[in-house]
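Values in this document were obtained by computation on a predicted structure and should not be read as measured data.
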Number of protein chains: 2
Amino acid sequence: MTNPNDLENFQFKKNDTVSLRQFVYKEIREAIIKGHLEPGARLREVEISKQMNVSRGPIREAIRILEQEGLVISHPYRETVVVDLSEEEVIHLLVPTRRNFELFAAQKAVSVLTDDDFAYLDNIILNMQEASNQDDLDRLSDLDLKFHERIVERCVSPAMFRIWNSISGKLHARFLIQGYSHSSLQTVVEEHREMLQLIRSGDNERIEQHLQKHIK
Amino acid sequence: MTNPNDLENFQFKKNDTVSLRQFVYKEIREAIIKGHLEPGARLREVEISKQMNVSRGPIREAIRILEQEGLVISHPYRETVVVDLSEEEVIHLLVPTRRNFELFAAQKAVSVLTDDDFAYLDNIILNMQEASNQDDLDRLSDLDLKFHERIVERCVSPAMFRIWNSISGKLHARFLIQGYSHSSLQTVVEEHREMLQLIRSGDNERIEQHLQKHIK
DNA sequence: CATTTGTAGATTGTCAACAATCTATTTTGA
DNA sequence: TCAAAATAGATTGTTGACAATCTACAAATG
């Protein structure tokens with residue numbers, strides 16, 4: 001396939017290095033969402049600074065993002081801790097809002113997504129099946145997030161994506177702690193497979209019906 | 001009323017000084033929401049730094065908050081500009097989400113709000129009436145925001161309030177530019193008066209009905 | 001002349017030192 | 001002894017200097 005003399009087709013890797021605050025933000029966010037930092041856990045700037053070998057500047061900026069995102073709360077001159085959400089608010093505010101965003105995105109999807117996007121989503125389904133077979137809940141819920149993330153990110157403006165992202169992050173953190181209520185992992189895979197099928201067909205009516213039960 | 005010898009009742013003013021980032025954040029946010037900074041306007045850290053006489057640290061933190069809030073967008077190493085939202089997203093995502101949040105809050109209000117809160121809200125209605133009489137649209141829409149802000153802030157957790165705040169900020173900025181579609185300023189006042197009445201009565205059924213048409 | 005390469009200035013990103021504030025503990029004074 | 005005041009240590013807030021990156025324009029190259 002790759003010919004050493006064929007320099008025409010050679011490509012250097014894209015520089016994937018982002019800013020340090022981006023790195024710090026993602027790192028802390030993942031720790032919270034995946035449950036490694038539980039509600040109430042304290043974030044100390046100097047401690048994180050030493051662990052990541054980064055000055056406090058970028059760390060403070062990352063904390064401001066996380067705070068606005070609603071994953072941590074800062075008490076001026078005192079401390080910043082990981083938040084704890086009330087069940088009621090999760091059910092009445094976060095869940096329906098997320099549903100509405102994903103419905104909106106899914107209905108635009110057929111005219112927005114490219115072949116690459118669909119290939120990516122197909123691949124996620126494949127990996128979901130694998131994760132389900134291996135009873136790997138962590139991986140499955142990770143793929144779940146990535147599936148919807150891709151659709152929303154492509155069908156909605158950056159500002160709106162930020163809102164969806166903050167909501168789904170909080171939900172993910174919440175349900176990981178509570179444990180999935182799904183009857184089986186296989187059901188999760190099936191539901192996503194159907195969803196992707198409906199998006200491809202562009203049948204907005206049935207997309208709405210499907211999302212209605214999917215969320216529950 | 002105030003007796004110079006009556007030192008018992010003397011109170012110093014609360015130290016209202018917040019952190020600089022808070023100050024900078026509010027300042028920029030207001031400029032955007034009130035339309036003094038239009039979509040596409042560029043934010044230069046050094047420029048703001050000089051104008052406010054504050055170092056770039058707090059300004060950068062404020063920008064991170066505004067970015068996560070969705071009012072500005074930063075392109076790494078390039079620039080940060082005030083965002084522009086699509087009409088479609090405003091209608092399908094922001095408006096229903098805000099409505100849902102305010103419905104949730106209003107339904108809890110009767111058992112949460114104190115006499116002080118109700119006094120505050122009554123006072124806002126009075127001021128609204130004044131603003132309406134004087135055809136002062138700016139002041140009216142400011143009071144409108146403050147009215148709902150108070151209710152939501154008291155009936156919902158800080159993390160949820162942040163979401164509502166980010167949404168209502170974007171809507172405010174949007175509609176200020178487009179101009180109010182209300183038939184008259186007096187209608188706005190009436191609707192809020194009725195709303196407050198319904199909240200006092202705790203009639204959740206009618207609150208829902210009222211909010212339904214209020215938003216439109 | 002068109003394209004690439006190399007600057008200069010502007011702007012954002014990062015850092016380390018210093019200042020302000022809070023908490024917990026100790027000291028003081030009655 | 002007990003409450004108020006002072007103090008020390010920890011932590012967050014702010015600053016100014018320096019580094020990295022981008023844009024636009026000038027210079028070089030063919």
Using whole Å, report how far [atom1] of [X] lies from [atom2] of [N].
{"X": "B:Ile65", "N": "D:dG13", "atom1": "CD1", "atom2": "P", "answer": "11 Å"}
{"X": "A:Glu79", "N": "D:dA10", "atom1": "CD", "atom2": "P", "answer": "16 Å"}
{"X": "B:Phe23", "N": "D:dT14", "atom1": "CZ", "atom2": "P", "answer": "12 Å"}

Under 4.0 Å protein heavy-atom contacts per nucleotide of nucleotides 13-19 of chain C, with B for base, S for backbone only and - for none: BBB-B--
Partners meeting side chain to side chain contact (heavy atoms under 4.5 Å, CB included) with B:Arg78 (sequence neighbours left out): B:His75
Ring geometry between A:His92 and B:Phe104 (parallel below 30°, tilted from 30 to 60°, perpendicular above 60°):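 Rings of B:Phe104 and A:His92: tilted, 30 to 60°.
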Pair B:Glu102 + B:Arg98, salt bridge at N-O below 4.0 Å: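 The answer is yes: the pair qualifies as a salt bridge.
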Interatomic spacing from NE2 in B:His36 to CD1 in B:Ile28 - rounded to 0.5 Å: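 CD1 of B:Ile28 is found 14.5 Å from NE2 of B:His36.
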Flag for A:Tyr25-A:Arg21: side-chain donor and acceptor within less than 3.5 Å: no
Side chains of A:Gln129 and A:Arg193, donor plus acceptor under 3.5 Å: yes
Sugar-phosphate, base or nothing in reach of A:Ile63, heavy atoms under 4.0 Å: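 Contact class for A:Ile63: none.
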Sugar-phosphate only, base, or nothing, as touched by A:Ile59 at under 4.0 Å among non-hydrogen atoms: nothing
